[in-house]
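Atoms within a ligand are numbered from 1 in the order they appear, just like the ligands themselves.
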Amino acid sequence: METVKSLSAAEVIELCLRHTLYDWSAQQGLNPLAVAGGKGVYFNTVDGRRFIDFNSQLMCVNAGHGDRRIIEAIKQQAEQMAYIGPFMAHEPRARLGRKLSELLPGDIDKFFFTLGGADANENAIKIARTVTGRSKILARYRSYHGSTGNTIQATGDPRRWANEVGGGHVVHVLDPYHGIECGWEDATQSLATLEETIQLEGPNTIAAFILEPISGTNGILIPPDGYLPGVREICDRYGILMICDEVMTGFGRTGEWFAVDHWGVVPDLITMAKGLTSSYAPLGAVGMRPKVAEYFEDHVFYGGLTYNSHPIGCAAALGAIQAYEDDDMVGNAQRMGAVLARHHRKLQERHPCVGATRSIGLFGAIELVRDRRTMEPLAPFNGTSPEMKAISQALLDAGLFTFVRWNTVMTNPPLCITEPELDEGFEILDSALEIGDRAVKN
Ligand SMILES: Cc1ncc(COP(=O)(O)O)c(C=O)c1O
């Protein structure tokens, strides 16, 4: 084979910007990192810089970078059979279906495999509409469910606004959280709002309520106890299917295999992606309970994907799950989650700009404010500010990568992280937050 000369960091960046489109951005002025590889909680750039990954990329590389077990599973499957069509049966599909039916809560034991999170949600919505014969979908405002047709309509946050087309039949309800200035409702109040919305919309017109059990990009919103069991009860009462979007929370992120496990709730449909393969290969899935799957015994499932049950995706998922189990990464997320929560508390004590911290397992966020009394956020809803931009840049300059959105800084490292690595990341955060402190009025 002809050897190909590697590109420099500058060439990689220039070609990527010239010929490829980047997500959720005006392209002008973008300056992406040219990444060469990674190991564990670190990744390194083509020009030799090293970053601690405090967001597992998009909260998805749960096993950490460069895990040999997942890489070997993919390599072996590529040698054996890289692709076969979705009408065939094959071993990785068989093994993964069985494994997921063991891991998923309750009696969820049938799976439709997709390529990622959005198409898992698309198919969950399609299934819910088909099975119930109803058209409306309920979703929450502070949510993200994907960037495709139905999922961007279901998304409640401002990423929906530019994508809205009429007739999506999605109704949004308020969340228990009302932003840093107003705070939280209790479960009873929030469930009352949900039920009122259902009444006003007409219960018999609603196919499903899709929700992230713990909202992710909208700020790691952990619902008050009683909320999810209450949603389950309301859905049952009105014959509405409950779809839990565990694309981000699944596979150990919150210190349980799935976020719903914290409250013992079994949804009718559950969607997953990201941590399913630790993102080493694209794969998503819709899991369903027998009462949903049974419908398709004698009705056609009008859905399909060329890459349904892709052998390499399925093999990557089996490799990732093996890695989680071998190293007890779900337990580690719980143990290190306690360390992360301690760091959060310390930051809140030390920094007047820290208005709130939230975490569950290794799923965490810090909300910054410019006024501890009024809780005015350091950047407005759906906006940024010079201080948030400066904090973001200071973190990168000090070698920490994470997700900074609006007034929120995320802390979602890979589940293999150790205590010294957490200490290292939080030391960088501690010094960058001084920028925020200087903006605080009171
Ligand atoms: C909760 C949730 N659902 C769905 C998606 C969409 O997944 P994908 O980007 O794989 O389509 C995401 C992506 O961030 C997500 O966080």
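Side-chain contact check for T411 and H344: at least one donor-acceptor pair (N or O, by modelled atom type) lies under 3.5 Å.
Contact shell of ligand 1 (protein heavy atoms, cutoff 4.0 Å): G116, G117, A118, N121, Y144, H145, G146, E212, D245, V247, M248, K274.
The existence of a salt bridge linking D268 and R232 is confirmed by a sub-4.0 Å separation between a basic side-chain nitrogen and an acidic carboxylate oxygen. One finds a salt bridge joining E367 and R358 here, because a Lys/Arg side-chain nitrogen approaches an Asp/Glu carboxylate oxygen to under 4.0 Å.
Counting only residues at least two apart or on different chains, the ring-ring contact (aromatic ring centres under 6.0 Å, His included) pairs with a member in residues 389-413 are F43-F401, F381-W406. Every pair passing ring-ring contact (aromatic ring centres under 6.0 Å, His included) that includes a residue from residues 93-114 is listed here, sequence neighbours excluded: F112-F301. For residues 219-245, no residue pair satisfies the ring-ring contact (aromatic ring centres under 6.0 Å, His included) rule, not counting sequence neighbours.
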